[in-house]
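In what follows, a structure is listed as structure tokens, so that the remarks can point back to it.
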2 protein chains.
Amino acid sequence: MTHSEENYIKAIFHLASTGIEVISTNALAEKMETKPSSVTDMMRRLSEKGLVHYKKYQGVSLTTLGTKTALSIIRKHRLWEVFLVEKLGFTWDEVHEIAEQLEHIKSEKLIDKLDELLDFPKFDPHGDPIPGKNGEFMEHDNQLLSQLPIGSVALCVGVKDSSAVFLRFLDKNSIALGNKMKILEKEEFDNSLRILLDERELQISQQIASNLYVKKIEL
Amino acid sequence: MTHSEENYIKAIFHLASTGIEVISTNALAEKMETKPSSVTDMMRRLSEKGLVHYKKYQGVSLTTLGTKTALSIIRKHRLWEVFLVEKLGFTWDEVHEIAEQLEHIKSEKLIDKLDELLDFPKFDPHGDPIPGKNGEFMEHDNQLLSQLPIGSVALCVGVKDSSAVFLRFLDKNSIALGNKMKILEKEEFDNSLRILLDERELQISQQIASNLYVKKIEL
DNA sequence: ACAAATTTTTAGATTTGTCTAAATTTTTTA
DNA sequence: TAAAAAATTTAGACAAATCTAAAAATTTGT
Ligand SMILES: [Mn+2]
Ligand SMILES: [Mn+2]
Ligand SMILES: [Mn+2]
Ligand SMILES: [Mn+2]
């Protein structure tokens with residue numbers, strides 16, 4: 001498989017995991033930042049290789065093989081991200097771009113050894129689960145901070161938007177994975193939240209709150 | 001620069017460091033396992049980018065920029081090899097292929113951090129020197145074991161042939177970098193050597209002896 | 001239900017990197 | 001030094017991945 005084919009497979013997987021199971025040419029073109037005609041060409045190729053189900057005008061979805069392939073690439077991507085943060089001291093906003101390159105390195109043994117070096121991590125630096133060697137993958141069933149009722153206490157476990165801009169914003173406000181947060185008040189006007197973050201009181205916009213995954217703590 | 005361009009640059013550098021300073025199209029084609037016509041095409045492209053000196057029918061050589069580029073790729077290659085051996089437990093015969101892929105990852109910061117993680121190594125697992133961040137590069141002036149006079153004592157510091165077959169042969173015979181060797185006898189018939197390797201006496205063919213770099217120890 | 005809008009595909013072009021076969025230039029050798 | 005041999009380049013083709021513009025299919029709206 002070429003880098004490009006792998007990137008398409010990954011994009012289809014990501015779009016599919018947002019709910020839609022049949023992906024349109026346009027949606028994929030937008031995700032890949034390319035033109036619909038290029039997508040059509042690539043879908044024909046991936047279809048011939050048995051990685052996607054594709055019928056003209058009918059959209060596209062991953063085959064079992066395609067899904068297995070996607071999980072393997074995502075596994076590599078996320079393990080490399082852990083490596084970059086844990087072993088090389090990169091910050092969580094710097095690693096995605098480099099992992100986009102590293103995920104295409106071909107060596108089963110390499111990724112197994114890396115997994116071992118990192119002590120078999122279950123989550124990447126953004127809180128996303130790392131697929132297992134044999135394709136085991138648990139989607140996290142986490143809630144968004146914006147969905148919690150007032151008074152709830154929860155742990156911050158992941159980010160939905162993992163763009164560098166958002167991550168640096170979180171850094172600036174000392175919001176990190178593992179933080180305990182309690183919802184104090186919800187502003188009706190703009191749906192912003194007043195929360196207690198560890199010891200600190202903080203006002204958070206709806207935009208922020210709907211991009212933070214949390215795990216509720218029962219009291 | 002594309003992967004292919006980088007591989008050509010590296011190949012030219014390696015051929016040039018064997019003595020010939022102007023590389024012929026055929027020599028490069030053989031090294032790259034491709035056809036001479038493909039080399040001609042690529043040389044025109046690299047020439048336009050200012051990486052090589054190239055005139056039709058006159059062979060090719062690296063410009064200053066080309067040499068800088070080659071050293072940077074070789075630095076990455078060798079640092080990744082050290083990483084694979086030191087941090088992931090690969091053997092020295094397994095790392096070259098993977099490093100061929102990793103050397104093309106683009107991130108200055110990545111390679112600097114990797115250098116630091118590895119504690120700024122000066123040599124790769126095969127005893128080859130690692131170019132510095134700013135292109136400093138000391139060719140090793142080592143002798144070959146086959147060139148030493150009888151009675152000399154030397155340390156094994158590198159391999160000339162670093163093919164997996166040769167490396168595994170050395171493993172099988174417990175010959176490793178750092179070993180102390182003393183030349184006991186040279187067989188006139190086939191130029192094979194009888195050597196004392198640490199405590200052990202060993203017969204070594206001329207083929208082997210001319211692929212081991214050594215550093216003489218003055219007594 | 002049918003015209004309009006939207007989506008998707010096709011046709012044809014471009015770039016990179018490769019190939020084969022033919023032409024050209026350089027080197028060798030007689 | 002001129003023919004033969006070898007090396008190199010050119011010409012033309014192809015696959016991968018992309019693009020633009022045009023055609024075709026599907027969906028939407030009245
Ligand atoms: Mn990422
Ligand atoms: Mn990618
Ligand atoms: Mn190597
Ligand atoms: Mn390479």
Side-chain angles (χ1 to χ4, degrees), chain A residues 1-13 15-16 18-62 66 69-70 73 100-101 103-106, chain B residues 1-13 15-16 18-62 66 69-70 73 100-101 103-106:
Chain A
M1 280 190 84
T2 65
H3 289 198
S4 189
E5 287 173 338
E6 292 189 346
N7 287 337
Y8 274 94
I9 291 293
K10 210 171 48 131
I12 297 169
F13 183 92
L15 286 173
T18 68
I20 334 115
E21 59 279 336
V22 173
I23 310 302
S24 76
T25 302
N26 267 3
L28 194 45
E30 193 178 334
K31 178 93 173 175
M32 291 296 295
E33 297 180 58
T34 185
K35 302 291 163 183
S37 58
S38 304
V39 172
T40 301
D41 285 351
M42 183 56 91
M43 290 314 104
R44 233 193 303 276
R45 267 192 303 254
L46 293 179
S47 175
E48 263 158 34
K49 296 196 177 190
L51 293 157
V52 301
H53 298 296
Y54 173 67
K55 283 212 197 77
K56 289 211 267 189
Y57 297 104
Q58 307 300 289
V60 79
S61 63
L62 292 179
T69 306
I73 303 164
E100 280 293 303
Q101 298 181 61
E103 75 190 4
H104 301 295
I105 302 291
K106 264 116 199 135
Chain B
M1 280 191 82
T2 66
H3 288 199
S4 190
E5 288 173 339
E6 292 189 345
N7 286 338
Y8 274 94
I9 290 294
K10 207 170 51 132
I12 297 169
F13 183 92
L15 286 172
T18 67
I20 335 116
E21 60 279 337
V22 174
I23 310 300
S24 75
T25 302
N26 268 2
L28 194 44
E30 192 178 336
K31 179 94 172 176
M32 292 295 295
E33 297 180 57
T34 186
K35 301 291 164 181
S37 58
S38 304
V39 171
T40 301
D41 285 351
M42 183 58 91
M43 289 315 101
R44 232 192 305 276
R45 255 174 301 179
L46 293 179
S47 174
E48 262 157 36
K49 296 196 177 190
L51 292 157
V52 300
H53 297 295
Y54 173 67
K55 284 214 197 73
K56 291 212 269 190
Y57 297 105
Q58 307 299 288
V60 79
S61 62
L62 292 178
T69 306
I73 303 164
E100 281 292 303
Q101 299 181 62
E103 74 190 6
H104 301 294
I105 302 292
K106 264 116 198 136

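Just the heavy atoms: all of them, side chains too, but no hydrogens, waters or symmetry mates, feed the values below. In the text below, chain A, chain B and the rest are named by the order of the sequence lines, each starting its count at 1.
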> Less than 4.5 Å apart, any side-chain heavy atom of B:T40 and any of B:Y54?
Replying inline: yes
> After noting the C-alpha distance and the side-chain angles of A:L62 and A:L51, does the key distance pass the side-chain contact (heavy atoms from CB on, under 4.5 Å) rule?
Replying inline: CA-CA 6 Å; A:L62 292 179; A:L51 293 157; 5.7 Å; no
> Is there a side-chain contact between A:L15 and A:K31, using heavy atoms and a 4.5 Å cut-off?
Replying inline: yes
> Would B:E103 and B:K10 count as a side-chain contact (heavy atoms from CB on, under 4.5 Å) if you check the C-alpha gap in whole Å, the side-chain angles of each, and the deciding distance to 0.1 Å?
Replying inline: CA-CA 11 Å; B:E103 74 190 6; B:K10 207 170 51 132; 3.0 Å; yes
>> Holding to salt bridge (charged side-chain N to carboxylate O under 4.0 Å, His left out), I want the full list of residues that pass it with B:E21, two or more places apart in sequence or in another chain.
In response: none
> If you find the nucleotide of DNA chain D closest to A:E5 and the one closest to B:K55, which residue's nucleotide is nearer the 5' end?
Replying inline: B:K55
>> Test side-chain contact (heavy atoms from CB on, under 4.5 Å) on A:R45 and A:Y8; report intermediate values, then the result.
In response: CA-CA 11 Å; A:R45 267 192 303 254; A:Y8 274 94; over 6 Å; no
> Quick one, which residues of residues 27-37 of chain A touch DNA chain C with a heavy atom under 4.0 Å?
Replying inline: A:P36, A:S37
> Under the side-chain contact (heavy atoms from CB on, under 4.5 Å) criterion, do B:K55 and B:V60 qualify, and how do the steps go?
Replying inline: CA-CA 7 Å; B:K55 284 214 197 73; B:V60 79; over 6 Å; no
> From the 5' end of DNA chain C to its 3' end, which nucleotides mark the outer limits of contact with chain A, defined by a 4.0 Å heavy-atom distance cut-off (strictly under)?
Replying inline: C:dT7 to C:dT10
>> For a 4.5 angstrom cut-off between non-hydrogen side-chain atoms, does A:H104 reach A:N7?
In response: yes
> Do A:S4 and A:M42 have side-chain heavy atoms sitting under 4.5 Å apart?
Replying inline: yes
> Mind checking what makes salt bridge (charged side-chain N to carboxylate O under 4.0 Å, His left out) contact with A:E30, not counting sequence neighbours?
Replying inline: none
> In a check of side chain to side chain contact (heavy atoms under 4.5 Å, CB included) between A:T69 and each of A:E5, A:E6, A:M1, which one passes?
Replying inline: A:M1
>> Reading DNA chain D in the 5' to 3' direction, which nucleotide is the first one with an atom under 4.0 Å from a heavy atom of chain A, and which is the last?
In response: D:dA16 to D:dT26
> Got a sec? Which of residues 38-51 of chain B come in under 4.0 Å of DNA chain D, heavy atoms?
Replying inline: B:T40, B:R44
> Considering heavy-atom distances to DNA chain D, does A:Y8 or A:Y57 have its closest nucleotide positioned more toward the 5' end?
Replying inline: A:Y8
